[in-house]
Amino acid sequence: MLNSLRDVLTESVRDLYSAETQLIKALPKMAKAATTPELKEAFTTHLEETKQQAVRLEKVCELLGVKPKGKVCKAMKGLVEEGAEIMAEKGEPSAIDAALIEAAQKVEHYEIAGYGTCAAFATVLGEIDVAELLRETLEEEKTTDENLTALAEGLVNDEADTEDEGDEEGGEEDEDEEGDAEEDEEEEEPAAKNKSSRSTAVKAKR
Ligand code: FE
Ligand code: FE
Ligand code: FE
């Protein structure tokens, strides 16, 4: 029963605990399915963080006087299932990687929403230690999300390069006097990270 903000906080924290434990099982599979070494590493690194996040939630539950286990986060179940769907697909490794990044970012956004609101509730309730623990994880989830965005941008740039090369073949060769034109201009603008445009709605108030 939800009778107070404290009830909402404890139930949401237990939901997050379920989410994290599901991810501890899912992330090794995601790492295995990824092709790009950087993406594999991102998943492996976040797996280690995720294990610590589960431990943090156990501490949070202890502070709140509730048991962490016993709830199932259905949203994470669905998100993990979507990840499994991608892993079952065959196809171009870079396309699979792109789809894995998308699935992973959906997971991070769910977590960011959950930790953001829970940290805010804990602060309102004067549970300073709880809020601090939740914010620690919140920051890790945000960093992971940003890293995944950077990896996605890298994939998109690679793809664009490949498409440029593809366009060249089949063009009228006679107009181009054997490579006089400078072809590989490599205009690699440093991918601007649009951090500022990302939603800040879930940021916990201090
Ligand atoms: Fe997490
Ligand atoms: Fe949930
Ligand atoms: Fe995460």
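Atoms within each ligand, like the ligands themselves, are counted from 1 in listed order. Treat the numbers as computed from the prediction; the structure is a model and nothing was measured. Just so you know, residue 1 is the first one in the sequence shown, and it goes up from there.
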Chemist: If you measure from the Lys or Arg side-chain nitrogens to the Asp or Glu carboxylate oxygens, is any gap between Arg135 and Glu139 under 4.0 Å?
Modeler: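 So Arg135 does not pair with Glu139 through a salt bridge.
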Chemist: Short of 2.8 Å from the Fe ion (ligand 1), name each protein N/O/S atom, waters not counted.
Modeler: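 Atoms qualifying: Glu20 OE1, Glu20 OE2, Gln53 OE1, Glu111 OE2, Glu141 OE2.
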Chemist: Rounded to 10°, how big is the angle at the Fe ion (ligand 2) from Tyr110 OH to Cys73 SG?
Modeler: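 Approximately 100° at the metal, rounded to tens of degrees.
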Chemist: Taking salt bridge (charged side-chain N to carboxylate O under 4.0 Å, His left out) as the cut-off, I'd like each qualifying pair that reaches into residues 47-65, sequence neighbours left out, listed once.
Modeler: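 Sorted result for residues 47-65: Glu48-Lys51, Arg56-Glu136, Arg56-Glu140.
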Chemist: Do Ser4 and Asp7 come within less than 4.5 Å of each other through their side chains, counting heavy atoms only?
Modeler: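 Yes, at least one pair of side-chain atoms sits under 4.5 Å.
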Chemist: With respect to the Fe ion (ligand 2), what is the nearest N, O or S atom of Asp15?
Modeler: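 For Asp15, the N, O or S atom at the smallest distance from the Fe ion (ligand 2) is OD2.
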Chemist: For residues Phe43 and Ala104, report the shortest heavy-atom separation together with the two atoms involved.
Modeler: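 Looking at all heavy atoms of both residues, the shortest contact is CE2-CB, 3.6 Å.
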Chemist: First locate atom CD of Glu20, then atom OG1 of Thr50, and finally report the distance between them rounded to the nearest 0.5 Å.
Modeler: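 Answer rounded to 0.5 Å: 5.5 Å.
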Chemist: Under 3.5 Å, which donor-acceptor pairs do the side chains of residues 65-80 form with other protein atoms, sequence neighbours left out?
Modeler:
none

Chemist: Give me each pair satisfying side-chain hydrogen bond (donor to acceptor under 3.5 Å, both in side chains) with a member in residues 23-42, each pair once, sequence neighbours excluded.
Modeler: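 Of all non-adjacent pairs touching residues 23-42, those that pass side-chain hydrogen bond (donor to acceptor under 3.5 Å, both in side chains) are Thr36-Asp97.
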